[in-house]
Amino acid sequence: MMLMGYARENGTFGIRNHLLIIPASVCAVEVANRIAEKVGGISLPHQHGCCQMGADFRQTVRTLTGFGCNPNVGAVLVVGLGCEGIQADQIAHEIEKTGKQVSFITIQGCGGTTKTVEQGIRITSKMAENLSLMKRVPFSINHLILGMECGGSDPTSGIVANPAIGIASDLLVSMGGSSILSETTEVIGAEHILAERFYDSRERAKFLDMVSNVEKRALAVGEDLRGSQPTPGNIQGGLSTIEEKSLGCMHKAGDTTPFMGALEYSEPVPSSKPGLYFMDTPGEDIDSITGMVAGGAQLIVFTTGRGTPTGCPIAPVIKITGNPETYRNMEENIDINGGKVILGECTLDSVGKEIFEKMVSVTNGELTKAEKLGQKEFGIYRIGYTF
């Protein structure tokens with residue numbers, strides 16, 4: 001199947017053509033916001049980039065760099081303060097390897113807020129002009145990477161919405177594309193079932209270690225995830241145990257596709273080995289979506305039983321609910337009403353195909369409801385302390 005998108009210099013294809021302003025640290029967020037507002041770009045407000053250490057530091061670098069490398073981004077300006085731990089030129093040079101337009105500036109180097117904003121506008125105005133001249137071109141569906149998320153779950157998520165996404169994911173992978181299952185906390189109790197679908201024993205062991213390590217990290221700070229999950233909202237929605245939640249969550253991975261591997265948070269999906277992957281992300285929706293998009297996902301599908309407005313700065317987020325009451329209550333946020341299955345008005349298979357058709361339409365340019373509403377939530381998963 002052929003889709004329409006923006007060709008990038010490294011052989012990837014974007015389904016959007018964003019100009020991205022990346023603050024290297026929290027100290028540069030306000031300046032990045034002001035530049036983005038003036039030139040129609042998108043900035044990434046966050047609270048990190050300074051006084052982080054070890055794996056936590058590397059994860060922030062990998063995430064910011066991954067957003068710049070995502071095919072949905074056509075050009076990037078990195079803005080730093082100048083003295084922070086994550087240097088603007090470090091991120092810019094990594095993104096530069098994709099071949100796209102990249103530049104960087106620092107507030108200390110430019111001489112303050114006003115001069116940096118002026119310099120940033122001069123640089124990005126030319127970038128914006130170049131992006132406006134780009135046209136969509138045909139590309140094969142095997143370049144598409146889908147991220148899968150669920151949030152505000154209730155029993156209809158496990159009965160309808162997640163299995164329907166699984167059908168759409170199986171279709172995509174059968175055509176040569178890639179999908180990412182995420183949320184390590186939400187496979188606890190079902191990990192032995194998913195592990196059987198890893199053909200590579202090293203990747204299977206890596207996946208099981210990820211699940212085990214999350215439980216150990218929680219226990220180290222005195223919390224048992226099996227006691228704190230499901231969340232209060234999940235319980236009000238009708239879920240009783242973390243195992244019950246996980247058995248519903250895992251259906252997003254379909255049932256006919258083997259796992260090709262297990263990825264660290266924001267680790268890129270290997271372009272030479274498309275297929276189904278697991279990514280080690282938290283159950284928190286925003287941080288989880290951020291990790292998958294940093295790993296290369298151009299498109300997100302998101303099931304929600306209770307309803308959520310969540311979007312992403314650079315990737316369209318398609319929202320699906322299996323709860324007919326939630327669809328009526330939050331129709332302005334939900335793209336697909338899977339509650340039709342609960343009401344006996346259609347089959348699970350037909351909703352799965354409806355999701356796939358929506359994925360194709362959104363890839364080719366249709367805006368999701370989250371995009372129309374301007375929802376652009378962004379959050380980096382922290383695994384360490386700031387000193």
Side-chain angles (χ1 to χ4, degrees), residues 1 141-142 144-151 153-201 203-208 210-211 239 241-263 269 273-281 283 288 292 297 299-305 318-323 336 338-342 346-360:
M1 176 181 285
I141 197 169
N142 60 20
L144 188 65
I145 301 175
L146 174 70
M148 300 182 288
E149 182 72 21
C150 61
S153 299
D154 71 1
T156 67
S157 300
I159 295 170
V160 176
N162 291 344
I165 279 187
I167 292 169
S169 173
D170 282 344
L171 268 173
L172 173 63
V173 175
S174 72
M175 294 180 180
S178 297
S179 290
I180 308 171
L181 178 71
S182 61
E183 302 176 279
T184 309
T185 52
E186 302 195 6
V187 302
I188 293 173
E191 68 268 30
H192 59 293
I193 301 173
L194 291 172
E196 293 176 356
R197 293 170 58 183
F198 282 79
Y199 286 165
D200 187 315
S201 59
E203 295 297 319
R204 182 188 308 120
K206 189 176 168 186
F207 163 71
L208 290 172
M210 287 173 173
V211 180
L239 294 173
T241 66
I242 190 171
E243 289 83 1
E244 188 177 63
K245 188 176 178 181
S246 297
L247 288 169
C249 175
M250 60 175 268
H251 284 299
K252 296 198 301 293
D255 55 16
T256 63
T257 308
F259 282 95
M260 302 298 287
L263 304 171
V269 173
K273 203 167 68 170
L276 177 65
Y277 285 84
F278 178 81
M279 180 177 283
D280 186 15
T281 76
S288 180
M292 291 188 284
L299 177 66
I300 300 293
V301 288
F302 189 138
T303 72
T304 176
I318 300 172
K319 229 75 64 59
I320 302 111
T321 185
N323 188 325
I336 294 177
K340 293 176 290 187
V341 177
I342 297 292
C346 67
T347 66
L348 185 63
D349 191 55
S350 67
V351 173
K353 290 176 181 173
E354 183 181 348
I355 293 170
F356 183 79
E357 288 167 3
K358 177 66 78 173
M359 287 162 48
V360 171

Task: Within 6.0 Å of NZ in Lys340, more than 12 heavy atoms from elsewhere - done: yes
Task: Nearest heavy-atom neighbours spanning Leu348 and Ile159 - done: CD1-O, 4.2 Å
Task: Ser201/Arg204 under side chain to side chain contact (heavy atoms under 4.5 Å, CB included): CA gap, chis, key distance, verdict - done: CA-CA 5 Å; Ser201 59; Arg204 182 188 308 120; 3.9 Å; yes
Task: Interatomic spacing from CG in Leu299 to CD1 in Ile145 - rounded to 0.5 Å - done: 11.0 Å
- [ ] Return yes if a side-chain donor-acceptor contact under 3.5 Å exists between Thr156 and Asp154, otherwise no.
- [x] yes
Task: Residues which pass ring-ring contact (aromatic ring centres under 6.0 Å, His included) with Tyr277, listed by chain and number, not counting sequence neighbours - done: none
TODO: For Asp170 and Thr257, test the side chains for any donor-to-acceptor distance below 3.5 angstrom and give the result as yes or no.
DONE: yes
- [ ] Answer yes or no: is there a side-chain heavy-atom contact under 4.5 Å between Leu276 and Arg197?
- [x] yes
Task: Approximate separation, where rounding is to 0.5 Å, of Lys206 NZ and Asp200 CG - done: 10.0 Å
TODO: Applying side chain to side chain contact (heavy atoms under 4.5 Å, CB included), run through Glu203 and Met260 and close with a yes or a no.
DONE: CA-CA 8 Å; Glu203 295 297 319; Met260 302 298 287; over 6 Å; no
TODO: May I ask you to decide if the ring planes of Phe207 and Phe198 are parallel, tilted or perpendicular, using 30° and 60° as cut-offs?
DONE: parallel
Open item on the list: Just verifying a value: how many Å separate Ile355 CD1 and Ile318 CD1, rounded to the nearest 0.5 Å?
Closed with: 8.5 Å
Task: Short side-chain to backbone donor-acceptor contact, Glu191 and Gly189, under 3.5 Å - done: yes
Task: Residue pair Phe259 / Ala253: nearest heavy atoms and the distance that separates them - done: CZ-CB, 3.9 Å
TODO: Measure the shortest side-chain to side-chain distance between Asn142 and Pro274 over non-hydrogen atoms and say whether it is less than 4.5 angstrom.
DONE: no
- [ ] Please check if the side chain of Ser178 supplies one atom and the backbone of Gly275 the other of a donor-acceptor pair under 3.5 Å.
- [x] yes
TODO: Show your reasoning for whether side chain to side chain contact (heavy atoms under 4.5 Å, CB included) applies to Asn323 and Ile342.
DONE: CA-CA 7 Å; Asn323 188 325; Ile342 297 292; over 6 Å; no
Task: Under 3.5 Å: donor-acceptor pair, side chain of Thr303, backbone of Ala161 - done: no
TODO: Could you please spell out the steps behind the side chain to side chain contact (heavy atoms under 4.5 Å, CB included) verdict for Glu183 and Cys150?
DONE: CA-CA 9 Å; Glu183 302 176 279; Cys150 61; 3.4 Å; yes
Open item on the list: For Gly283, is there any backbone N or O sitting under 3.5 Å from a side-chain donor or acceptor partner on Ser288?
Closed with: no
TODO: Starting at CE of Met292, measure out to CD1 of Ile180 and round the result to the nearest 0.5 Å.
DONE: 6.5 Å
TODO: Over all heavy atoms of both residues, which pair between Val351 and Ala164 is shortest? Give the atoms and the distance, please.
DONE: CG1-CB, 3.8 Å
Task: Pairwise distance OG(Ser157) to NE2(His251) - rounded to 0.5 angstrom - done: 11.5 Å
TODO: Search all heavy atoms of Asp349 against all heavy atoms of Ile167 and return the closest pair with its distance.
DONE: CA-CD1, 3.8 Å
Open item on the list: Which residues pass the ring-ring contact (aromatic ring centres under 6.0 Å, His included) test with Phe356, not counting sequence neighbours?
Closed with: none
Task: Gap separating the CE atom of Met359 from the CD1 atom of Ile141, nearest 0.5 angstrom - done: 6.5 Å
TODO: Please report the closest heavy-atom contact between Val160 and Gly338, naming both atoms and the distance.
DONE: CG1-O, 3.3 Å
TODO: Taking the side chain as every heavy atom from C-beta outward, state whether Lys252 and Ser169 have any pair of such atoms under 4.5 Å apart.
DONE: no
